[in-house]
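Keep in mind that the numbers below use all heavy atoms, side chains included, and drop hydrogens, waters and symmetry copies.
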Protein chains: 2
Amino acid sequence: MTDKEAEAPGLARLAALLADETRAACLLALLDGRAWTAGELARHAGVAASTLSEHLGKLVTGGLLAEERQGRHRYVRLADDRVAQLVEDLAAQVAPEAAARRPRTLRASSAGSAMARGRTCYDHLAGRLGIAVTDALTGLGLLRQDTGFALTDAGLGWFDAAGIPLRPTGRRPLARACLDWTERRPHLAGVAGAALCRHALDTGWCVRIGSERAVKVTPAGEAALSELLRIDPLALR
Amino acid sequence: MTDKEAEAPGLARLAALLADETRAACLLALLDGRAWTAGELARHAGVAASTLSEHLGKLVTGGLLAEERQGRHRYVRLADDRVAQLVEDLAAQVAPEAAARRPRTLRASSAGSAMARGRTCYDHLAGRLGIAVTDALTGLGLLRQDTGFALTDAGLGWFDAAGIPLRPTGRRPLARACLDWTERRPHLAGVAGAALCRHALDTGWCVRIGSERAVKVTPAGEAALSELLRIDPLALR
DNA sequence: GGGACACTTCGGCGCCCGCCGAACCGTGCG
DNA sequence: CGCACGGTTCGGCGGGCGCCGAAGTGTCCC
């Protein structure tokens, strides 16, 4: 009771940080897991540099962003994966109504469909690619979704055999479900999701398209995913 | 990209609903999973009835609350478990700073410590009781946390043997980790967490203290938890 | 029917906050 | 050295929103 009372102001203050459209646009952009400069974000959000500077100040002091100053640039990124998860969760909560509002005819727009095919979500794979990988892991008995969301012992072996080390960190879970907000289905996040995504980018299974979050599977990636996870290459196109 | 752009206003609007201290207090109060009347919430939050009426209107049209009108009363409750999860997540995110701000000497205050011992979190057990149950399930190999968060086959058998049916619903996960914001550790939520909590209250393993979220383990509950999960009764006091 | 009660609507007040442009500061480059 | 450029600070403007009290609506109970 006393605890609960004390939580309300904090919760409101945290939510207030997210309750501005400009700041929300920044956080969503930063979901790509990379560091952006203040100027890039200002152009992205369509506001004056001075305005965005104030927003960044609030987000940083609020603990949502971490900053790194290099020369005359100010780079910001999401403070940690907890913040990323929070933004993802909120975005997923909003998705149903957003999807209903979205005109059907635009579903095939090129930029949108590239994002729908495959993208990164902070530091793991999302979109149809992310779903396909998650489904494949589940189908092969490497990941269990029927009783929660966790790798199996066979799953641990698969990561080991594939040469993808899973280093457990402080309290980030090894496997976690992240609700994809175009596919409306859970996909693999957590330490394993991040390691798999990093491996996929490092070994050239997929490459980033431009400077956006969208990713494309390479021929080498199709072969690897087909061999290791029995994923039909056609399902990714 | 186009999707992301469209998400920002929605995310901001959702966050704005949570960004008011009065509304936050209401949502936290409603985490007990029960329906409150408008008047109760107004007194709880310390604002005029007219003010709270407007807040309820926003929360209902925003989809966070469901309402039920009975006679001259307006009952509201959280719309669904997704909303409850969202509020829990936000509260957990805020907890670290709130805990740091909290004076040490008050830790043993009676109301607070009753809440810390055991409480319900929307529809599952939390507090030290929730942690103890989760730890016991894990220690007995019924719940796996090392590779994610999921029941094991033995765990499914345990629920069955204990006479606690697990009815899988639409897309709510069977087991989910909910981060406790007094204990700072994950405890069992999801379908299994809710079923266990309901069973505990139905069979008298624990009872609610007053009209708050705090719960107390009964002697019968101590015996049952000791027998079924090898929980030391002393750990719950 | 009348009165108490729960809730809602409305008008008005005051505050907060996001926005911009202009001035300012520091870095990097020619 | 000096200019260009990224970022910050400040003043001022405008809109939005939470709050209240008073008046209104509907329900229950005597």
Side-chain angles (χ1 to χ4, degrees), chain A residues 5 7-30 34-77 211, chain B residues 5 7-30 34-77 211:
Chain A
E5 303 277 308
E7 301 292 339
L11 200 162
R13 253 184 297 121
L14 172 59
L17 285 177
L18 306 163
D20 177 80
E21 190 171 327
T22 300
R23 284 195 293 267
C26 292
L27 291 168
L28 288 171
L30 289 165
R34 290 180 288 186
W36 291 49
T37 67
E40 286 171 337
L41 286 172
R43 259 170 277 126
H44 175 78
V47 297
S50 59
T51 301
L52 201 115
S53 179
E54 292 169 1
H55 285 309
L56 290 187
K58 293 183 184 186
L59 290 171
V60 168
T61 60
L64 295 186
L65 297 187
E67 68 180 352
E68 226 164 315
R69 302 184 113 101
Q70 279 180 24
R72 56 184 173 186
H73 291 279
R74 178 196 206 176
Y75 286 94
V76 292
R77 53 182 167 74
S211 62
Chain B
E5 303 277 308
E7 300 292 337
L11 201 163
R13 252 183 298 119
L14 171 59
L17 286 176
L18 306 163
D20 176 81
E21 190 171 324
T22 300
R23 284 195 293 267
C26 291
L27 292 168
L28 288 171
L30 289 165
R34 290 179 286 184
W36 291 49
T37 67
E40 286 170 338
L41 286 172
R43 264 176 311 239
H44 174 79
V47 296
S50 59
T51 300
L52 201 116
S53 178
E54 290 169 2
H55 285 309
L56 290 187
K58 293 184 183 183
L59 289 171
V60 169
T61 61
L64 295 186
L65 297 188
E67 67 180 354
E68 226 164 314
R69 303 182 111 102
Q70 280 180 23
R72 55 187 172 183
H73 291 279
R74 178 194 205 179
Y75 285 94
V76 291
R77 53 183 168 73
S211 63

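- Put simply, B:Arg74 has a side-chain N or O that comes within less than 4.0 Å of OP1 or OP2 on C:dT8.
- Atoms OH (A:Tyr75) and C1' (D:dG7) sit 13 Å apart, rounded to a whole Å.
- At D:dC19, one or more side-chain N or O atoms of B:Thr22 fall inside 4.0 Å of OP1 or OP2 (strictly under the cut-off).
- A donor and an acceptor atom never sit less than 3.5 Å apart when one is taken from the side chain of A:Ser50 and the other from the base of D:dG7.
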Kindly determine whether A:Leu65 and A:Leu27 satisfy side chain to side chain contact (heavy atoms under 4.5 Å, CB included), including the steps that lead there. CA-CA 9 Å; A:Leu65 297 187; A:Leu27 291 168; 3.9 Å; yes
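- For B:Asp20, the listed nucleotide lying nearest its side chain is D:dG18; candidates were D:dG18, D:dC20, C:dC7.
- With rounding to whole Å, A:Glu40 atom CD is found 12 Å from D:dG6 atom C1'.
- Both A:His55 and B:Leu56 lie close to DNA chain C; mapped to their nearest nucleotides by heavy-atom distance, the more 5′-ward contact belongs to B:Leu56.
- Closest approach of B:Val76 to B:Leu30, counting heavy atoms only: O-CD2, 3.5 Å.
- Contact annotation: A:Ser53 side-chain N/O to D:dT8 OP1/OP2 distance is under 4.0 Å.
- The separation between A:Leu17 atom CG and C:dC16 atom P is 17 Å, rounded to whole Å.
- Note on A:Arg23: only backbone sugar-phosphate atoms sit closer than 4.0 angstrom, heavy atoms only; bases stay farther off.
- Under 3.5 Å, the side chain of B:Arg72 and the base of C:dC7 form no donor-acceptor pair of N or O atoms.
- The nearest whole Å value for the distance from the CD atom in B:Gln70 to the P atom in C:dC7 is 12 Å.
- Using a 4.0 Å heavy-atom distance criterion, A:Ala38 is classed as a sugar-phosphate-only contact.
- The CZ-C1' distance, from B:Arg13 to D:dC17, rounds to 16 Å in whole Å.
- No side-chain donor-acceptor contact under 3.5 Å links A:Arg23 to the backbone of B:Ala12.
- Atom NE2 of B:His73 is separated from atom C1' of D:dC28 by 9 Å (rounded to the nearest Å).
- Of all heavy-atom pairs between B:Ala19 and A:Ala19, the closest is CB-CB, 4.0 Å.
- Contact record, B:Arg77 with B:Arg34: CB-O, 3.9 Å, taken as the closest heavy-atom pair.
- Within the 4.0 Å cut-off from OP1 or OP2 of C:dC17, not a single side-chain nitrogen or oxygen of A:Lys58 is found.
- Rounded to an integer number of Å, the gap from A:Leu52 CG to D:dT8 C1' is 12 Å.
- Between the side chain of A:Glu54 and the base of C:dC17 there is no donor-acceptor pair of N/O atoms closer than 3.5 Å.
- A:Arg43 has no side-chain polar atom (N or O) that falls below the 4.0 Å cut-off from OP1 or OP2 of D:dG6.
- Between B:Leu59 atom CG and C:dT8 atom P there is a gap of 12 Å when expressed in whole angstrom units.
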